[in-house]
Structures are given as C-alpha cells and as structure tokens.
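The figures here come from the full heavy-atom set of this structure, side chains too, leaving out hydrogens, waters and symmetry mates. Source: prediction; values computed, not measured.
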Protein chains: 2
Amino acid sequence: MTANSSIQTFLDDLASERPTPGGGGAAAVSGAIGAALVSMVANLTIGKKNYEAVSDDLKAVNAKAEALRAELIRAIDEDVIAFDSVMGAYGLPRASDEEKALRTAAIQAALKEATLAPLRAVKACFEVIRLSAEVAEKGNLNVISDAGVAVLAANAGLRSAALNVFINAKSIKDRDFAEKQLAEVNALLDEAAKTTESVYQTVRAKIGS
Amino acid sequence: MTANSSIQTFLDDLASERPTPGGGGAAAVSGAIGAALVSMVANLTIGKKNYEAVSDDLKAVNAKAEALRAELIRAIDEDVIAFDSVMGAYGLPRASDEEKALRTAAIQAALKEATLAPLRAVKACFEVIRLSAEVAEKGNLNVISDAGVAVLAANAGLRSAALNVFINAKSIKDRDFAEKQLAEVNALLDEAAKTTESVYQTVRAKIGS
C-alpha cells in the first residue's frame, strides 16, 4: 500500500519519470490531508470547556472524517490500478478483427472504471469540504486555522481528481455515460468552490485577518 | 525528520489531538507535492520527441523544483520548531518584573520567527506556482493534467501557510515588522490566485474539457 511509503519516497516517486503515482494519487493524498485536519479540529474541540454543546456533533463529524480518510487512502492505490488497467487494455493484440473488437471493449471498460475511480475521489473530497465547513463553524477557535487548511487541501484534491475524470471521460464512446459523470463533476466543482471560499473567509474572520 | 514518516503515520499524527503536525506541516507537504509534480512533468518532457526545443528550459525548471521540494520538506519540521518555540516562551516564569520582561521578549522573538517560517513556505509555494505555469505551457501534453494538479497543490499550500502568517503576525507588538510581512503575503495571495486559475484553465483547455 502506498500509504506505507514514507513521505519522502512518495514525493520521489511522484517526481520521477514513472507515470504513477501521479496527479490522481496526489489528489487522493490532498483529500486525505483535509480529512485528517477535520479530525484534528474535532479532536481538539470534543470535551473542551465552552464546547460541550457541540461535542456530540463533532464526534459524528470525526467518525465521518475518519471513514473518508480511509477511503481516500485506498483511492491512492485505486488510481494506480485504474491507470494500469487502461494501459494494459491499450496493449492488447489487434491482429484480427476479433482481437480488435475485444481490445476496444477492454479499453472502453477500463476507461469507464478510470472515470468512476477519480469521481469517487471527487465525491469523497466534497464530503470533506462539507465537514470542514462544520468544524470551521463549531470548532475550537484555537485551532480554527486548521479548518481552513482542511478545506483548501480537500478542494485542491477535488479539482485535481476532476482533471482525471475529464481526461478519461473524453475517450469514452458511451456518451450518455460520460456526460452523466461530467455533469456530476461540474456541479460538485462549482459547489465546492463556493463552500471553500466561504470557509476560508470564515476562518480568516475568526483569526482576525 | 517528518519526511521519513509513512504517509499513514503522518496522517494519523495530523488527525490526533497533538497540536503538531498541523496546518503548517500540511501546507508544506502540499507545496512539496506541487514541486514533485512539476518535476514529474519536466522529467516526462525532457528529451522526448517534439519537445526538443523546450528540453533545456525544463531541465532548469526541474532543478528549481527539486530545490523547492527540499526546502518545503524542511519546512514541515520548521513549523514544529517554530510552534514549540512560541509555546516554550509562553511557558516561561513570570514571578518578577524582570522575568515578565524576559518572557515578553522571548514570546515576541518566537512570534517573529513563527511569522517568518510560514512566510518562507508561502514564497516557496509561490515559486512552485510559477514553475507549474511554465510546465503547463511547455510540458508533454500526455501528462499536462499533472501540471494542473501541481498548481492546485502549491496554491493550497500557499493559502494554508498564509493563515499561519496571519495568526502569528497578529500578536506581534512591532507593528512595522508585522505589517511588512502581511503586505507581502497579501500580494502573493492575490498573484497566486490569478496564476492558479489561469494555469487550471490552460490545462482544462489542453485536455479538451
């Protein structure tokens, strides 16, 4: 699992000439950083003086953030699998008409999965953005800037994963399928941008800047 | 060094009740991810067919991105040191007037360093954004989306580190010093936002989305 790699090794692998890990893995890590910071703010608020009234809400937020973090950590490797599957399908033989048809079907199936995998990451990052908004509203003021960092990381992850949806959806022949996923991503991009700016400005106001 | 931690351990530490690593460390990791992806695009362009004319430019870009990545990796730990220094100064004794004066001086000195450390991260992220723009313009079209992910990660890192500048500058009594740093951060935030949106739209146009 990539999550067992050191940060240094992951960054060296990102920077290298190897195609994976690349932007898809980086997107998932960004989202996971956002989820971890949501948990941090929740953990430093739950049970603290003056925050008794929001402790139960933030326990629920923390449980959701932990599940999303686990999902986004899995997404780092799912991106590699999806990429390898597309590359593998393109590498299939195409000597006969039968082989060509099989290869085309394999490519199209792999492209659909390579569209759905980053779309799942987009949706997970979107949920992290919503949780960031909740901790920015209810969290301990001493660590409220971490709610701002959470939303920025999650939105960078969302917009990054969206690029992989765009790339892979472009080559899908089943346009109904492709357009459905693209419409969903574009709606989430818009909503995420609004929420992110709103949370960032809330955090700046709370820290008095 | 935090960079020797696994991604899983770093995320667990972020999510925990411990105050560090927190948003400052996450900001530095985001910037380093951006720098690594700039290098990836450069490495997958240099020497490739049809990209001979930009290979020398991208070698220079890669060298700068590697130096910035190393700087941002160091910034993960510098954030912890700066935080511990501020906390340590607040913990100094204040029984006598002399102790109070010494404590105040120590706090103010620590706050200045805790403002300059994230400001260095802001500047490094800004340079990564500029390099992202260059690889988005000149890089191999097959991996151009990674230039988009690079700029998003670097801008999230920049805006995140800026929050730590804001927080620490607020408590600095030397207002000339504080306002000077704040003006610099605000100018970089504006410029970074413009470049980031421009690069993201360039990348979307190049991938036909």
With a 4.5 angstrom heavy-atom cut-off, could you sort out which part of A:I73 is near chain B: side chain, backbone, both or neither?
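It is the side chain, since no backbone atom gets that close.
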
The interface call for A:V203 against chain B, heavy-atom contacts under 4.5 Å, is side chain

Do you know which of B:V151, B:V165, B:L163, B:L182 has the most heavy-atom pairs under 4.5 Å to chain A?
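Among the listed options, the one with the most contacts to chain A is B:L163.
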
What residue, out of B:V143, B:I46, B:I167, has the most heavy-atom pairs lying under 4.5 Å from chain A?
B:I167

Closest heavy-atom pair, A:A26 versus B:V149, reported as atoms and distance to 0.1 Å, is CB-CG1, 4.0 Å

Just verifying a value: how many Å separate B:I207 CD1 and A:F166 CZ, rounded to the nearest 0.5 Å?
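Nearest 0.5 Å value for the CD1-CZ distance: 7.0 Å.
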
How long is the gap from CG on B:L11 to CD1 on A:I7, to the nearest 0.5 Å?
7.5 Å

Looking at A:A65, A:A169, A:A3, A:A156, which makes the most heavy-atom pairs under 4.5 Å with chain B?
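Top count of heavy-atom pairs under 4.5 Å with chain B: A:A3.
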
Distance-only donor-acceptor screen, chain A against chain B, under 3.5 angstrom:
unit_1, atom_1, unit_2, atom_2, d
A:A3, O, B:I7, N, 3.3
A:A3, O, B:Q8, N, 2.9
A:S5, O, B:I7, N, 2.9
A:I7, N, B:A3, O, 3.3
A:I7, N, B:S5, O, 2.9
A:Q8, N, B:A3, O, 2.9
A:D12, OD1, B:R69, NH1, 2.9
A:A15, O, B:M40, N, 3.4
A:A15, O, B:N43, ND2, 2.8
A:G23, N, B:D146, OD1, 2.7
A:M40, N, B:A15, O, 3.4
A:N43, ND2, B:A15, O, 2.8
A:R69, NH1, B:D12, OD1, 2.9
A:D146, OD1, B:G23, N, 2.7
A:R159, O, B:Y200, OH, 2.8
A:R159, NH1, B:E197, OE2, 3.0
A:R159, NH2, B:E197, OE1, 2.8
A:K170, NZ, B:I207, O, 3.2
A:N186, OD1, B:R204, NH2, 3.4
A:E197, OE1, B:R159, NH2, 2.8
A:E197, OE2, B:R159, NH1, 3.0
A:Y200, OH, B:R159, O, 2.8
A:R204, NH2, B:N186, OD1, 3.4
A:I207, O, B:K170, NZ, 3.2

